[in-house]
Peer 1: 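Pasting in a structure now, in structure tokens, and then I'll have a few things to ask.
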Amino acid sequence: MPELPEVETVVRGLRAPLVGRTFTTAKVLWPKTVKPLTPAEFESRLPSQKVTAITRRAKYLQFQLSAGDTMFIHLKMSGNLLVEPTDSPVHKHVRAIMGLDNGHQLRFKDTRKFGRIYLTDDPHSVIGKLGPEPLPDSFTVDDFKALFAKRRGRLKPLLLNQQFIAGIGNIYADESCFIAQIDPRRQADTLSETELTRLYQAIRQALNHGIVHKGASLDAVYLGGEFQNHFQAYGRTGQPCFTCGTEISRIVLGGRSTHFCSRCQQ
DNA sequence: CTAAAATCCTGGTGGC
DNA sequence: TGCCACCAGGATTTTA
């Protein structure tokens, strides 16, 4: 359940139960979950550290800890974080358990085992190479245009490149291109000033919409609700474009499924 | 330099 | 019901 809006929603939901709490135990059930530490190192280093703040950088959750460490969690494709009573049943896909000082546990559940938990005193080693966050007002349209200077390659893979711009995933890349009415196959250095301005606004609109909507109904999203109704391109292969009625196309671009309207998006 | 393919993993889905 | 190919919201590494 990745992408910036989901991660932001998870962060907001974890602050109340976790900020101010102290970790008392740690158990790694799938060894590769932790980096760069071994499970034994992680299990001895986390306990006694208190959570002082939880923030987000790109698709990473960032836990500020009292001993000066930072714990980053990347959910990748299927990760999720649960706060559950210590005596409650542990789901089979839980990969790490972090005990709290109030009878609860933070449990990292991740079916596909791609997710990672980093514990380090050097945040730069984890998030140092990430591109800019697209949502703060300090990130201007001029900043966005500057990113495209002397960049080659097609547009969509560039939007997915976290070192180029941080936080955009496959869904919001497709949605942003649709909103901006730009073909995701375009060479990045052929976009006009007008198109770049549209794309900048589209990215922020799509991401903000995702945050607002998920904040309101996170449960409905993952219980199989009407979430997909909010997408205009992603996952709508063969269905009519809401703008012109043309069937939405699906192609593979940069190894990722890509959905777009061949008529609206030029 | 771009770019495609392989890799890490499990589970759901749709075709036969 | 079984079997199988294919698909999945990420990101890095390898290969061309």
Side-chain angles (χ1 to χ4, degrees), chain A residues 1-11 28-36 56-61 72-81 91-96 108-118 125-131 134 147-178 184-191 203 206-207 209-211 213-214 218 220-225 227-238 248 250-260:
Chain A
M1 45 179 292
E3 297 219 42
L4 188 156
E6 278 96 343
V7 178
E8 179 65 29
T9 302
V10 172
V11 164
V28 178
L29 304 177
W30 177 255
K32 287 184 175 179
T33 300
V34 289
K35 286 180 70 176
R56 179 192 57 75
R57 174 71 172 105
K59 302 172 193 172
Y60 292 86
L61 293 98
F72 292 99
I73 299 181
H74 198 304
L75 303 172
K76 288 291 180 87
M77 300 285 262
S78 59
N80 199 359
L81 287 163
H91 189 279
K92 63 185 285 194
H93 294 149
V94 169
R95 311 303 181 190
F108 179 60
K109 178 181 167 187
D110 182 23
T111 303
R112 291 176 69 183
K113 299 179 176 174
F114 290 167
R116 295 292 181 264
I117 302 177
Y118 304 80
S125 67
V126 179
I127 59 171
K129 291 183 177 176
L130 290 170
L147 294 179
F148 282 78
K150 70 185 170 75
R151 288 304 293 246
R152 298 203 152 266
R154 285 178 296 192
L155 175 59
K156 174 152 173 186
L158 205 52
L159 293 178
L160 293 178
N161 181 347
Q162 302 300 298
Q163 296 182 38
F164 178 73
I165 188 168
I168 301 173
N170 205 35
I171 292 177
Y172 292 96
D174 282 1
E175 292 301 298
S176 298
C177 288
F178 180 91
R185 299 169 293 188
R186 286 275 297 281
Q187 289 294 131
D189 59 355
T190 67
L191 297 193
I203 288 168
L207 292 174
H209 183 265
I211 291 173
H213 187 70
K214 285 172 190 171
L218 186 64
V221 171
Y222 296 106
L223 292 176
F227 181 49
Q228 58 272 27
N229 295 344
H230 296 278
F231 298 136
Q232 300 188 77
Y234 180 82
R236 298 197 65 248
T237 310
I248 297 294
R250 178 187 180 277
I251 61 172
V252 175
L253 195 51
R256 310 301 303 280
S257 67
T258 298
H259 314 74
F260 66 102

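Note on naming: letters A, B, ... go to the chains in the order of the sequence lines (proteins, then strands), and numbering restarts at 1 for each one. Just so it is clear, the values below take in all heavy atoms, side chains as well, and ignore hydrogens, waters and symmetry mates.
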Peer 1: Applying salt bridge (charged side-chain N to carboxylate O under 4.0 Å, His left out), which residue pairs with at least one partner in residues 161-178 of chain A are found, sequence neighbours left out?
Peer 2: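 Counting only pairs at least two positions apart or across chains, the salt bridge (charged side-chain N to carboxylate O under 4.0 Å, His left out) contacts touching residues 161-178 of chain A are A:K156-A:D174.
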Peer 1: Check the distance between C:dA11's P and A:R57's CZ and give it to me in whole angstrom.
Peer 2: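 My rounded result for the distance is 12 Å.
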Peer 1: So for A:Q162 and C:dG10, does any side-chain atom that can act as donor or acceptor lie under 3.5 Å from a complementary atom in the base?
Peer 2: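 Under the 3.5 Å cut-off, the side chain and the base do not form any donor-acceptor pair.
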Peer 1: Among residues at least two apart in sequence or on other chains, which ones pass salt bridge (charged side-chain N to carboxylate O under 4.0 Å, His left out) with A:R151?
Peer 2: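 Result, salt bridge (charged side-chain N to carboxylate O under 4.0 Å, His left out) vs A:R151: none returned.
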Peer 1: I need the CG-P distance between A:N80 and C:dG9, as an integer number of Å.
Peer 2: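 Taking atom P of C:dG9 as the reference, CG of A:N80 is at 17 Å.
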Peer 1: For residues A:F148 and A:F164, establish whether the separation of their ring centroids is below 6.0 Å.
Peer 2: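 That pair passes the under 6.0 Å test.
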Peer 1: Phosphate oxygens OP1/OP2 of C:dA8: is one of them under 4.0 Å from a side-chain N or O of A:S257?
Peer 2: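 Yes, A:S257 has a side-chain N/O under 4.0 Å of OP1/OP2 on C:dA8.
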Peer 1: Considering residues at least two apart in sequence or located in another chain, which fulfil the side chain to side chain contact (heavy atoms under 4.5 Å, CB included) criterion with A:R112?
Peer 2: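 If we apply the side chain to side chain contact (heavy atoms under 4.5 Å, CB included) test to A:R112, skipping adjacent residues, the hits are A:M77, A:S78, A:F114.
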Peer 1: Map every base of DNA chain B to its dot-bracket character, where paired means a Watson-Crick or G-U wobble contact with both distances under 3.5 Å and | marks a partner outside the strand.
Peer 2: .|||||||.|||||||
Peer 1: Say we look at B:dC1 and C:dG10: how far apart would their P atoms be, to the nearest angstrom?
Peer 2: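 That atom pair is separated by 25 Å.
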Peer 1: Considering only atom P, compute the distance from C:dT1 to B:dT10 and round it to an integer number of Å.
Peer 2: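 Going atom to atom, P in each nucleotide, I get 25 Å.
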Peer 1: Check nucleotides 14-16 of chain B against the protein and report each pair of N or O atoms closer than 3.5 Å, with its distance, or say if there are none.
Peer 2:
none

Peer 1: On a whole-Å scale, what distance lies between the P atoms belonging to B:dC9 and C:dT14?
Peer 2: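 That atom pair is separated by 16 Å.
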Peer 1: Where along nucleotides 2-12 of chain B does protein come under 4.0 Å, by heavy atom, of base (B) or sugar-phosphate alone (S), with - for untouched nucleotides?
Peer 2: SSS---BBBS-
Peer 1: Taking OP1 and OP2 of C:dG9, is either one under 4.0 Å from a side-chain nitrogen or oxygen of A:Y172?
Peer 2: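 Checking A:Y172 against C:dG9: no side-chain N or O falls below 4.0 Å of OP1 or OP2.
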Peer 1: How close or far is atom P of C:dA11 from atom NZ of A:K35, stated in whole angstroms?
Peer 2: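 Spelled out: NZ on A:K35 to P on C:dA11 is 12 Å.
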Peer 1: For A:A58 versus A:A166, what's the shortest heavy-atom pair and its separation?
Peer 2: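 Scanning both residues, the minimum pair turns out to be CB-CB, 3.6 Å.
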Peer 1: For A:Y234 and C:dC7, give me the distance from atom OH to atom C1', rounded to whole Å.
Peer 2: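 Going from OH in A:Y234 over to C1' in C:dC7 covers 9 Å.
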Peer 1: Write down the distance between CG (A:L207) and C1' (C:dG9), rounded to a whole number of angstrom.
Peer 2: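 Taking atom C1' of C:dG9 as the reference, CG of A:L207 is at 13 Å.
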Peer 1: Tell me which of A:H74 and A:R250 sits closer to the 5' end of DNA chain C, going by the nucleotide each one is nearest to.
Peer 2: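 Residue closer to the 5' terminus by nearest nucleotide: A:R250.
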Peer 1: If we take the C1' atom in both B:dA3 and C:dG9, what is their distance in whole Å?
Peer 2: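 The answer is 22 Å between these two C1' atoms.
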Peer 1: Kindly assign one of parallel, tilted or perpendicular to the pair A:H230 and A:H209, based on the angle between their ring planes and the thresholds 30° and 60°.
Peer 2: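 It falls in the tilted class, 30° to 60°.
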